[in-house]
Amino acid sequence: MNILFVGAHPDDIETFAGGTAARYHGRGDNIFFCVVTNGNVGSSTLPPDEIAAIRFEEAKAGAAVLGAELIWLDFDDEFLFDSRESRLAFINAFRIADPDIVFCHWINDYNPDHSLSGYIVDECIHMAGIPNIRTNKPPIDKIPLVYFMDTIAGINFEPELYVDITETFSTKVEMVKKHNSQNKWMKDLFGYEMKDFLEIPAKFRGLQAGVKMAEAFKPSQRWGRTFTRHYLPDCLEPLKFNKKCKR
Ligand SMILES: [Zn+2]
């Protein structure tokens with residue numbers, strides 16, 4: 001299968017779904033990382049062009065861990081809007097990846113680039129198959145499934161499905177570490193260590209799903225999108241009761 005991940009900023013895909021991407025990679029699926037904005041405000045010391053160039057190289061390195069194809073949309077960081085230009089760029093990215101599945105941000109995450117990029121994916125994915133919507137690439141012939149990724153710290157996100165990332169967590173860390181410019185900046189901004197930022201949610205979501213570490217998702221339920229849980233690697237559901245409890 002072709003699996004497309006759409007992240008608002010250069011390190012988002014690795015942070016929110018890197019372990020799952022590694023599991024797809026392990027199955028032999030084709031992986032695409034679409035990064036919507038160029039991260040050009042992601043520094044307190046470097047000017048926009050310089051930090052954007054650094055982050056482009058970091059994004060390439062992160063994607064390269066899985067041999068993923070990087071699709072770089074190059075919108076300004078924190079200034080993504082739902083416009084004709086952005087929709088066409090997203091639709092063209094869908095056509096490049098020709099995905100069976102698309103992962104994107106939850107539509108009510110903490111950051112406008114996150115929420116809006118998730119919204120544009122969910123609203124526009126079916127347009128990738130419409131011939132009269134012209135982009136550089138030809139239309140695709142299927143409507144991909146859409147899954148929303150977890151939010152930062154899991155706030156405002158009630159997962160419906162999980163992927164066990166116990167075996168791929170170290171790969172996820174390796175990928176996030178490629179975004180070296182962000183580690184100190186994020187600590188200054190939010191006060192957390194990168195290791196904790198990845199490990200605590202992974203263990204918390206793992207606790208919910210009955211495994212050591214997990215990433216959490218929910219499917220976009222819309223017309224034409226069925227069989228939602230079967231496409232996730234060894235998909236898990238929330239533990240709703242104690243396994244020892246007899247019913
Ligand atoms: Zn982000």
Side-chain angles (χ1 to χ4, degrees), residues 3 5-26 31 33 35-36 39 42 58-59 62-63 65-66 68 101-115 117-118 121 146-220 228-229 232-240:
I3 317 293
F5 295 85
V6 179
H9 307 114
D11 53 352
D12 285 328
I13 295 168
E14 292 90 329
T15 300
F16 298 109
T20 299
R23 290 217 47 190
Y24 280 116
H25 175 65
I31 315 294
F33 282 6
V35 175
V36 176
E58 291 173 344
V65 172
L66 300 183
I101 302 174
V102 184
F103 289 86
C104 63
H105 292 284
W106 176 228
I107 53 177
N108 197 4
D109 200 351
Y110 87 109
N111 172 286
D113 294 340
H114 285 218
S115 305
S117 65
V121 169
V146 174
Y147 291 90
F148 297 111
M149 304 185 290
D150 207 346
T151 57
I152 286 198
I155 292 169
N156 195 28
F157 192 84
E158 191 62 41
E160 294 175 36
L161 303 168
Y162 300 84
V163 172
D164 184 347
I165 62 160
T166 308
E167 300 296 322
T168 55
F169 182 74
S170 60
T171 305
K172 175 182 174 119
V173 173
E174 180 189 349
M175 293 161 74
V176 174
K177 277 185 176 169
K178 301 293 184 191
H179 298 271
N180 192 41
S181 71
Q182 298 307 289
N183 294 338
K184 184 177 181 307
W185 156 249
M186 286 289 111
K187 192 178 175 200
D188 293 345
L189 208 59
F190 296 121
Y192 57 72
E193 296 285 350
M194 187 266 280
K195 182 173 175 292
D196 292 338
F197 185 67
L198 299 178
E199 204 170 288
I200 293 169
K203 286 184 174 174
F204 178 57
R205 295 310 193 191
L207 181 70
Q208 295 177 332
V211 295
K212 189 176 168 198
M213 289 180 156
E215 284 170 343
F217 304 96
K218 54 183 165 188
S220 173
T228 47
R229 64 184 297 270
L232 292 176
D234 301 326
C235 176
L236 301 164
E237 295 184 9
L239 287 178
K240 298 220 168 79

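- Minimum interatomic distance between T171 and A22 (heavy atoms only, all atoms of both residues): CG2-CB, 4.1 Å.
- Within the model, atoms CD1 of I152 and NE2 of H114 stand 5.5 Å from one another, a figure rounded to the nearest 0.5 Å.
- Heavy-atom contacts from other residues, nucleotides or ligands closer than 6.0 Å to CZ of F204 number 12 or fewer.
- To the nearest 0.5 Å, atoms CH2 (W106) and OG (S117) are separated by 13.0 Å.
- The main-chain N or O of D164 is found under 3.5 Å from a side-chain atom of R23 such that the two form a donor-acceptor pair.
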- Query: Where do T168 and I165 land on the side chain to side chain contact (heavy atoms under 4.5 Å, CB included) test, with the steps shown first?
  - Reply: CA-CA 5 Å; T168 55; I165 62 160; 3.5 Å; yes
- Could you please spell out the steps behind the side chain to side chain contact (heavy atoms under 4.5 Å, CB included) verdict for C104 and F148? CA-CA 5 Å; C104 63; F148 297 111; 3.7 Å; yes
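- Side-chain N or O atoms of S115 include none that pairs as donor or acceptor with a backbone N or O of P112 at under 3.5 Å.
- Put simply, CG on L161 and NZ on K218 are 11.0 Å apart, with the number rounded to the nearest 0.5 Å.
- Considering all non-hydrogen atoms of both residues, M149 and A17 come closest at SD-CB, 3.6 Å.
- A distance-only check finds a donor-acceptor pair linking the side chain of N156 to the backbone of N108 [under 3.5 Å].
- Minimum interatomic distance between V176 and N183 (heavy atoms only, all atoms of both residues): O-OD1, 4.5 Å.
- With a 4.5 Å cut-off on side-chain heavy atoms, V163 and F217 count as touching.
- Considering Q182, K187, K177 in turn, K177 is the only one that fulfils the side-chain contact (heavy atoms from CB on, under 4.5 Å) rule with M194.
- Of the N and O atoms on the side chains of E215 and Y162, not one donor lies less than 3.5 Å from an acceptor on the other residue.
- Listed for the N111 side chain is a donor-acceptor partner under 3.5 Å among the backbone atoms of D113.
- Of the N and O atoms on the side chains of D11 and H179, not one donor lies less than 3.5 Å from an acceptor on the other residue.
- Using bins of under 30°, 30° to 60° and over 60° for the plane-to-plane angle, the ring pair F5/F103 lands in the parallel bin.
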- Worked check of side chain to side chain contact (heavy atoms under 4.5 Å, CB included) between V173 and K195: CA-CA 8 Å; V173 173; K195 182 173 175 292; over 6 Å; no
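- Minimum heavy-atom separation, A214 to R205: O-CB, 3.5 Å.
- Using modelled atom types, one side-chain atom of D12 and one backbone atom of H9 make a donor-acceptor pair closer than 3.5 Å.
- Remark: E14 CD to L198 CG distance equals 10.5 Å, nearest 0.5 Å.
- For I31 against H25, the heavy-atom pair with the smallest separation is CD1-N, 3.8 Å.
- Using modelled atom types, no side-chain atom of K203 and backbone atom of K212 make a donor-acceptor pair closer than 3.5 Å.
- To the nearest 0.5 Å, the span separating OG on S170 from CE on M175 amounts to 11.0 Å.
- Between H105 and F16, the ring planes lie perpendicular to each other; the angle is over 60°, past the 30° to 60° tilted range.
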- Task: Would you please test T15 and F197 for side chain to side chain contact (heavy atoms under 4.5 Å, CB included) and show each step?
- Result: CA-CA 9 Å; T15 300; F197 185 67; 3.5 Å; yes
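- Separation of atoms CD1 (I13) and OG1 (T20) is listed at 12.5 Å; rounding is to 0.5 Å.
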